[in-house]
Each structure stands twice: as C-alpha cells, then as structure tokens.
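The structure appears below as structure tokens.
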Amino acid sequence: MSQFKHSLARIAVWNLAGHNQFNPAAGIGPNTKRARRQAEGLALLDAELVTLVEVSPLSHIDRLATLIADKYGVSYNTTIIRQPNGNIHIGFLHKDGVDLSNLQLIPGSEGDYENGRQAVQADIRIGKFKAILIGVHLKSGRERPEQQLRDSQCKMIGRHIAQIRQTPGLTQRTILLVGDFNMIPGQDVSNFHHLGGDDIMDFVSCWDLQDRFSHILKKGRANLLDGFAISRTYSTDYVRGSLRLFPMHWTMGIGREAFKKEVSDHLPFVAGFRIF
C-alpha cells in the first residue's frame, strides 16, 4: 500500500443531490453537465477521503472518479454498497494511502422509516490514524412526523455506536459520524440526543464550525442540515478548529443559486486529522 506522506489527512462529506424526482432510477446522467461540475468541485476540494451521500445511480461514483482522473489528474479509489431500498446510496472516494475496509450496512438503522436508507459503516486507516466511519442520510422533513422517524433512526444508530464502544478492541477507537443528518441544531433536539447515544458523540459541526449553513434552499437561503460528529473520548486526532464548510460555489466562481441548479443543493464539510 502507498505511504501517505503528510502529517494531516483531510476527511470530507458531501451530499451530491442525486435524487432525480422525474426518474429516480436514473439519478445523475454520466455525460451531464452536473456530473462534470461535481468532478470539478471534488478536484478543488482535494480531500483524502470523501463520504458521498445521495450517490445515484450506483455507477455515478465510478464516473466521478474517472472524470476527476482524466481531467484533473487526481486519482481516487471508490468504495460503495447498494442500499436495500431506494435509488440513492452512500459511498466513498479515497486516495492511495487511505485504507478503507469492512464496508457494511448497519441493520435496522432505517428505523421506522419504511424503505428508508440504512447507515453505512467502514474501518479506515490513514498512517497511524484509525477510525470507524459511519455515513448517514436520515429522513428529511421539518414537521413532527418526520422528526419522529428520525428519532427512530437515531435511536438505532446511537445504540449501534454504544455497542461499538463495548466491543473488545474497539473501546478506544475513534468513531466518525458524518452525512446528511437533516437535523437543525437547536430545533431537532431529540434527534441529536438519540444520535449521540449516552453522551458518546461530540457534534463538532454544532460548535466548531464558523458557518451556520450547508443546505441551499430556494432563492439562496440556507440552513445547517449536514453533520460531522466525533466520539467524545479517546479521540485526540481531530485538529480543533479545522472543520470548515468548503465554499465550493465560490471556488468554482458561481453563486449559490447557480450552484444549487448546476452542481448540488449542499456544500461539503472538511476536517483535518493527525495521522502521526
């Protein structure tokens, strides 16, 4: 395996907005402007490991890797697992030197959301940094019924994290929980409570993020729906203050509304971790 010759690794998460309301099975076309622009954005992000949410179709992640390599000379490996329900998936782009293994769905993590998305778990290792990475895409919606469905999902994921903490050999392993939480800090209090387990997870996106938005709404308004959490104890590799909302629209030279139309209605998060 290639040696990763840096002191820090950048780990990112991004929702690609792959849901195609007109043809859910089609997702994002391989030769569309959206695919090309997403590849450009990922090349500018240039993270060592990216959790991608709303990958659709399943082959889209390989198409992005091919576009990034051919046009920008950046090589990514791809790892993805098919969701048991629906047409949008969670996958990972990772550079050489990033070891990602033991990919699995977390059974029952769809909660009471019939045909909902399950959380995805993988072991990662970059240099001396080892962690369990959990990618989620929770139920969307701002009304009480949707919040209750998220509660059911968060309870299952929170219990799973608690079980990891009790597993011999993993009691001190760093746990990263990232994805589209569809939860707003200060509003979806019960969701955060259940997802954090018995005070296990530290939601750094609630306190160590300078920007307060990630999801772009109509007319350029935005709110903070995406999340980045790190296990509260034994996790000393996160570089405090490093979590940032990556202004991909700005780096690409377009406004938020144009970015929403042409690329995605979400902006990525990226954080630094010590690997020495």
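Because only heavy atoms are used, hydrogens play no part in the values below, and waters and symmetry mates are left out as well, while side chains stay in.
- Summarising the geometry, atom CD1 belonging to I216 is positioned 7.0 Å from atom OG belonging to S264; distances are rounded to the nearest 0.5 Å.
- In the hydrophobic clustering of ILVMFWY residues, with side-chain heavy atoms under 4.5 Å counting as a link, F129 and I175 come out apart.
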Next item on the list: Dump the intermediate steps for side-chain contact (heavy atoms from CB on, under 4.5 Å) on I28 and N20, then the final yes or no.
Entry: CA-CA 7 Å; I28 299 172; N20 186 330; over 6 Å; no
Next item on the list: For side-chain contact (heavy atoms from CB on, under 4.5 Å), just list the numbers for M252 and F259, CA-CA rounded to whole Å, side-chain angles, deciding distance to a tenth of an Å, and then say yes or no.
Entry: CA-CA 9 Å; M252 295 175 70; F259 183 85; 4.0 Å; yes
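- The two residues L16 and R34 have their closest heavy-atom pair at O-NH1, 4.4 Å.
- Between K260 and E257 there is no salt bridge, since no side-chain nitrogen of the basic residue lies less than 4.0 Å from a carboxylate oxygen of the acidic one.
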Next item on the list: Quick one: do D96 and N77 satisfy side chain to side chain donor-acceptor pair (under 3.5 Å)? Show the steps, please.
Entry: CA-CA 7 Å; D96 288 342; N77 302 302; 3.1 Å; yes
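- Not one N or O on the side chain of T78 forms a donor-acceptor pair closer than 3.5 Å with the backbone of D62.
- Nearest heavy-atom pair, S242 versus G272, reported as atom, atom and distance to 0.1 Å: OG-N, 3.0 Å.
- Residues V120 and Q83 form a side-chain contact, since some pair of their non-hydrogen atoms from C-beta on lies under 4.5 Å apart.
- Under a 3.5 Å cut-off, the side chain of Y238 and the backbone N or O of L243 do form a donor-acceptor pair.
- Contact between A119 and S109 at its shortest, heavy atoms only, is N-OG, 2.8 Å.
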Checklist line | Chi angles and distances behind the side chain to side chain donor-acceptor pair (under 3.5 Å) call for D46, Y72 | finding: CA-CA 10 Å; D46 195 30; Y72 305 103; over 6 Å; no
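- D226 and H215 form no side-chain donor-acceptor contact under 3.5 Å, judged by distance and modelled atom types alone.
- Between R212 and N223 the shortest side-chain heavy-atom distance does not fall below 4.5 Å.
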Next item on the list: Could you check S56 against H19 for side chain to side chain donor-acceptor pair (under 3.5 Å), going step by step and ending with a plain yes or no?
Entry: CA-CA 7 Å; S56 182; H19 174 64; over 6 Å; no
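- Linking Ile, Leu, Val, Met, Phe, Trp and Tyr residues whenever their side-chain heavy atoms come within less than 4.5 Å places M248 and V74 in a single cluster.
- A distance of 7.5 Å separates CG in L49 from CZ in F92, rounded to the nearest 0.5 Å.
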Checklist line | Full working for side-chain contact (heavy atoms from CB on, under 4.5 Å) between T51 and W14 | finding: CA-CA 6 Å; T51 300; W14 187 27; over 6 Å; no
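- Between K33 and E262 there is a salt bridge, since at least one side-chain N of the basic residue sits less than 4.0 Å from a carboxylate O of the acidic one.
- Listed for the T233 side chain is no donor-acceptor partner under 3.5 Å among the backbone atoms of I200.
- Atom CD1 of I132 sits about 6.0 Å away from atom CZ of R173, to the nearest 0.5 Å.
- Between L224 and P185, some side-chain heavy-atom pair lies under the 4.5 Å cut-off.
- Distance check: N182 CG to L225 CG gives 5.5 Å after rounding to the nearest 0.5 Å.
- Remark: R256 is positioned above the aromatic ring of F213, its terminal NZ or CZ atom under 6.0 angstrom from the ring centre and at most 45 degrees off the axis.
- Looking at heavy atoms from C-beta onward, V98 lies out of side-chain contact with R125 at the 4.5 angstrom threshold.
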Note to self: Evaluate L52 against L42 for side-chain contact (heavy atoms from CB on, under 4.5 Å), listing each step before the verdict.
What the structure shows: CA-CA 10 Å; L52 294 177; L42 285 162; 4.2 Å; yes
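- The hydrophobic clustering, which links ILVMFWY residues whose side-chain heavy atoms are closer than 4.5 Å, places I184 and L138 apart.
- Inter-residue side-chain proximity for L103 and Q121 is flagged as unmet; no heavy-atom pair is nearer than 4.5 Å.
- Judged purely by atom type and a 3.5 angstrom limit, S235 has no side-chain atom pairing as donor or acceptor with the backbone of T174.
- Checked by atom type and distance alone, the side chain of R165 pairs as donor or acceptor with a backbone atom of L170 at under 3.5 Å.
- Cluster annotation: V136 and L133 are assigned to distinct hydrophobic clusters (Ile/Leu/Val/Met/Phe/Trp/Tyr, side-chain heavy-atom contacts under 4.5 Å, transitive).
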Next item on the list: Show your reasoning for whether salt bridge (charged side-chain N to carboxylate O under 4.0 Å, His left out) applies to D199 and R232.
Entry: CA-CA 8 Å; D199 212 23; R232 187 175 293 276; 3.5 Å; yes
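- I124 places a side-chain heavy atom less than 4.5 Å from the side chain of I11.
- With R244 contributing its side chain and L209 its backbone, the two residues share no donor-acceptor pair below 3.5 Å.
- When the side-chain hydrogen bond (donor to acceptor under 3.5 Å, both in side chains) test is applied to D188, the partners found at least two apart in sequence or on another chain are R142, Q147, R150.
- Both I126 and I230 are assigned to one and the same hydrophobic cluster, defined by single-linkage of ILVMFWY side chains at heavy-atom distances under 4.5 Å.
- No donor-acceptor contact under 3.5 angstrom links the side chains of R274 and T236, judged on distance only.
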Next item on the list: Show your working on side chain to side chain donor-acceptor pair (under 3.5 Å) between N31 and R36 and close with a plain yes or no.
Entry: CA-CA 7 Å; N31 300 312; R36 294 192 298 272; over 6 Å; no
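- The main-chain N or O of G227 is never found under 3.5 Å from a side-chain atom of S205 such that the two would form a donor-acceptor pair.
- With V13 as the partner, the side-chain contact (heavy atoms from CB on, under 4.5 Å) test is satisfied by one option alone out of V178, L176, V50: V178.
- At least one side-chain heavy atom of L195 sits less than 4.5 Å from a side-chain heavy atom of F181.
- Looking at R63, its side chain does come within 3.5 Å of a backbone N or O of P30 through a donor-acceptor pair.
- Atom CZ of R144 has more than 12 heavy atoms from other residues, nucleotides or ligands within 6.0 Å.
- Nearest heavy-atom pair, E110 versus Q153, reported as atom, atom and distance to 0.1 Å: O-CG, 3.2 Å.
- Atom CD in Q104 sits 11.0 Å away from atom CD in Q118 (nearest 0.5 Å).
- For the pair P84 and L105, the tightest heavy-atom approach, listed with the atom from each and the gap, is CD-CD1, 3.7 Å.
- By the 4.5 Å heavy-atom criterion applied to side chains, I275 and L8 are not counted as neighbours.
- F269 and F246 have their aromatic ring centers separated by at least 6.0 angstrom.
- Considering every non-hydrogen atom in both S190 and D151, the closest pair reads OG-OD1, 2.9 Å.
- The distance from the CD1 atom of I106 to the CE atom of M156 is 9.5 Å, given to the nearest 0.5 Å.
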